Amino acid sequence: MKRKIFEFIKQEAILIVACVLAVISIFFVTPDKEYLEYIDFRTLGILFSLMALMAGFQSIGVFEEISRKLLNKVQNIRQLVVTLTLLCFFFSMIITNDVALITFVPFTFVLFDMLGQAEEKKWLIPVVILQTIAANLGSMLTPIGNPQNLYLYGKSGMTFEKFILLMLPYTVLSLVMLLISSFVIGSFGNKKITVSLTAKSKEKNTSKVIMYVVLFCICILAVLRVLNVSIAFAVTLCAIMIFDRKVLKKVDYSLLLTFVGFFIFIGNMGRLPMFSSLLQKFISGNEVITAVLTSQVVSNVPAALLLSNFTDNLPALIVGTNIGGLGTLIASMASLISYKFIAQKKNVSKGKYLMFFTIANIIFLAALMLLYVIIK
C-alpha cells in the first residue's frame, strides 16, 4: 500500500502540488460563485478533445504506420539518427510533444535492439536525447503542440498566424541545430544498415481513421475560433463514446485536474491585492527569464498557468515557457517520458543519460536565449 502511494506521488507530483496550492488558497479566499470564472473551460474542452483524438489515432496505429514506411527506407546510421529526430520534431507540432515521444521513442528501442547490443550501447542515449529535445522544440511552433501553448494562445486572443510568426525564428534555429547535431552524431557511424519493420497486427478500420480525421479538423476549427468549443467538445465526446469508447480510458485526466487546481490557486491569489501587485512588479519586463527559471523547477505548463494572470505580455510568456522546456529533466514533463523508457533498460546508464541530457539542453537553451536577446 505504501509503495503504491509512493509511486502515485512520484508520478503525479505536479497534480498533487496543484491540489495542495488550491486547497491552501481556499483559506484566504472563501469559495463563491467567482470560482467558476477562474476555470478556463475553453482550454480544458480543447485539451480533452485533442488528447482523446491522439489516443484514438494511436490505438489504430496511424503514427506507427507512417514512421515504419519512413524508417524502412533508412540505409545507414546517419539517416537513422536524422529520421528519428525529425519524426519527433515535426510530429510534435500536431500530435503534441508527449504523444510524439510515446510513439517514437519505443521505435528507437526496437530499432537498436535489431542492430545489436554494441550499436544500442553506442547510439541509444544520444538519439533519445535528440528526440526529446526535438519533441519539446518542434511542439513550440503551433498552439496545439503542447498544453501551455494551447492555454496561452486562447488566453492571449492571438491569431493563428501571429502565434506561428512569434515562434517561427526559434523553431527554425532549433531545426538547424538539431540537423547539425544529428549529422555530427550520425557521422560517427556511417556504415550501411538494413531496417525492416513489419506492421503490427492491429485492426484495420478505415471508418475509424476517417472519423478521427474529421474530428481532428473540427477541433482545429475550434482552436482557430471558427467553431464554438462547446460544439467541438460535444461532437468529439459523443462520437468517441459511440464508436470507440475504450479510448476515453487513455486520456490524461491528471493533466486536466492539474489545470483546474492551478486555475483555482491563481484565481484566488489574484484576488489578494498584496500578492498580486508584488508578483506583477516582479514579472513585468522579465517575462521570458521568469518563465524560463520557473519552468526549471515546476515545468513549463504550471509556469504558464502560474504567471499568466500577472502579466499582460503573454507573447513573451509564450516564448519563455517554450524555451523553458529545455534545461532540467522536469522543465518539460514530456522529458520524463523518455527518461522512464531509458530507466527501464538494464544495460543503459541513467547517470550518463542525465549528464548528457543536461549538457545538450543547456546548449540549446543558451542558443535560443541568445536569439531572444537579439530579436528583442
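Here, residue 1 is the first one in the sequence, and each next residue gets the next number. In this text, all values refer to a predicted model and were calculated from it rather than measured experimentally.
- Connection of Met369 to Val373 is established within a shared hydrophobic cluster, with ILVMFWY side chains joined at heavy-atom distances below 4.5 Å, either directly or through further cluster members.
- Applying the 6.0 Å contact sphere to OH of Tyr253 captures more than 12 heavy atoms from other residues, nucleotides or ligands.
- In this structure, the side chain of Ser299 does not engage the main chain of Ser295 through any donor-acceptor pair within 3.5 Å.
- In this structure, CG on Leu314 lies 6.5 Å from CG on Leu152, to the nearest 0.5 angstrom.
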(request) Take Ile337 and Val105, measure what side chain to side chain contact (heavy atoms under 4.5 Å, CB included) needs, and give me the verdict at the end. (result) CA-CA 9 Å; Ile337 294 171; Val105 171; over 6 Å; no
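- For the pair Leu255/Pro147, a side-chain contact is recorded, criterion being any heavy-atom separation below 4.5 Å from C-beta on.
- Annotation: side chain of Tyr212 is in contact with side chain of Val247 (closest heavy-atom distance under 4.5 Å).
- Counting only heavy atoms from C-beta outward, the side chains of Tyr38 and Phe265 never approach each other to under 4.5 Å.
- Ile374 and Tyr170 fall into different hydrophobic clusters, defined by Ile, Leu, Val, Met, Phe, Trp and Tyr side-chain heavy atoms under 4.5 Å apart, directly or through other members.
- The distance from atom CG of Leu130 to atom OG of Ser181, rounded to the nearest 0.5 Å, is 5.5 Å.
- Scanning all heavy atoms of the two residues, the minimum distance from Met93 to Gly138 falls at CG-O, 3.0 Å.
- In this structure, the separation between CG on Leu168 and CD on Glu161 is 13.0 Å, given to the nearest 0.5 Å.
- Looking at heavy atoms from C-beta onward, Phe163 lies out of side-chain contact with Pro315 at the 4.5 angstrom threshold.
- Counting only N and O atoms by type, the side chains of Asn313 and Thr311 include no donor and acceptor under 3.5 Å apart.
- At least one donor-acceptor pair under 3.5 Å links the side chain of Asp40 to the backbone N or O of Thr43.
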(message) For Val128 and Tyr353: C-alpha separation, side-chain torsions, deciding distance, then whether side chain to side chain contact (heavy atoms under 4.5 Å, CB included) applies.
(response) CA-CA 9 Å; Val128 172; Tyr353 176 85; 3.9 Å; yes
(message) Run the side chain to side chain contact (heavy atoms under 4.5 Å, CB included) test on Met51 and Leu256 for me, step by step, so that the C-alpha distance in whole Å, both residues' side-chain angles and the decisive distance to 0.1 Å come before the verdict.
(response) CA-CA 10 Å; Met51 286 193 295; Leu256 297 174; 3.7 Å; yes
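- Cluster membership for Leu317 and Ile375, using ILVMFWY side-chain heavy atoms within less than 4.5 angstrom, is shared.
- Of all non-hydrogen atoms in Phe57 and Val213, the two that sit nearest each other are CZ-N, 3.7 Å.
- Phe356 and Leu101 fall within the same hydrophobic cluster, defined by Ile, Leu, Val, Met, Phe, Trp and Tyr side-chain heavy atoms under 4.5 Å apart, directly or through other members.
- When atom types are taken as modelled, the side chain of Arg271 and the backbone of Ile266 share no donor-acceptor pair closer than 3.5 angstrom.
- Judged purely by atom type and a 3.5 angstrom limit, Ser284 has no side-chain atom pairing as donor or acceptor with the backbone of Lys281.
- Of the possible polar contacts, none joining the Glu34 side chain to the Asn268 backbone as a donor-acceptor pair under 3.5 Å is found.
- Of the possible donor and acceptor atoms, none in the side chain of Glu37 sits under 3.5 Å from a partner among the backbone N and O of Tyr35.
- We find the CD1-NZ distance between Ile164 and Lys162 to be 14.0 Å, quoted to the nearest 0.5 Å.
- The backbone N or O of Ile318 sits nowhere less than 3.5 Å from a side-chain atom of Gln148 that would complete a donor-acceptor pair.
- Within the 4.5 Å cutoff, no side-chain heavy atoms of Val82 are placed close to those of Leu178.
- The two residues Ala367 and Leu173 make their nearest non-hydrogen contact at O-CD2, 3.8 Å.
- Rounding to the nearest 0.5 angstrom, the gap separating the OG1 atom in Thr103 from the CG atom in Leu87 is 10.0 Å.
- The nearest pair of heavy atoms linking Phe259 to Leu47 is CE1-CD2, 3.9 Å.
- Checking Thr236, Val214, Leu224 one by one against Cys219, the side chain to side chain contact (heavy atoms under 4.5 Å, CB included) holds for a single residue, Thr236.
- A donor-acceptor contact closer than 3.5 angstrom is absent between the side chains of Ser338 and Gln131.
- Using cut-offs of 30° and 60° for the angle between ring planes, the Phe160 and Tyr153 rings count as perpendicular.
- Heavy atoms only, all atoms of each residue included: Leu215 and Ala239 are closest at CD1-CB, 3.9 Å.
- Aromatic ring centroids of Tyr151 and Phe263 lie under 6.0 Å apart.
- Of the possible polar contacts, none joining the Ser335 side chain to the Ala331 backbone as a donor-acceptor pair under 3.5 Å is found.
- A donor-acceptor pair shorter than 3.5 Å can be found between the side chains of Ser230 and Asn228.
- At a threshold of 4.5 Å between non-hydrogen side-chain atoms, the residues Leu44 and Phe233 do not count as touching.
- Shown are Thr171, Asn300, Asn146; of these, the side chain to side chain donor-acceptor pair (under 3.5 Å) with Asn322 is made only by Asn146.
- In this structure a side-chain-to-backbone donor-acceptor pair under 3.5 Å is present from Asn361 to Phe357.
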(request) Please report the C-alpha distance between Val229 and Val223 in whole Å, then the side-chain angles of each, then the deciding distance to 0.1 Å, and finally whether the side chain to side chain contact (heavy atoms under 4.5 Å, CB included) criterion is met. (result) CA-CA 8 Å; Val229 172; Val223 171; over 6 Å; no
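- Hydrophobic clustering (ILVMFWY, side-chain heavy atoms < 4.5 Å, transitive): Val301 and Ile330 are in one cluster.
- Smallest separation of non-hydrogen atoms from Ser174 and Leu368: OG-CD2, 3.7 Å.
- Between the side chains of Asn97 and Asn136, at least one donor N or O lies within less than 3.5 Å of an accepting N or O.
- Inter-residue side-chain proximity for Lys345 and Phe109 is flagged as met; some heavy-atom pair is nearer than 4.5 Å.
- In this structure the side chain of Phe28 reaches within 4.5 angstrom of the side chain of Leu272, judged on heavy atoms.
- Here the straight-line distance linking atom CD1 of Ile220 with atom CD1 of Ile144 works out to 3.5 Å at 0.5 Å rounding.
- The main-chain N or O of Ser92 is never found under 3.5 Å from a side-chain atom of Thr96 such that the two would form a donor-acceptor pair.
- Under the salt bridge (Lys or Arg N to Asp or Glu O under 4.0 Å) criterion, no residue pair touches residues 222-236, with sequence neighbours excluded.
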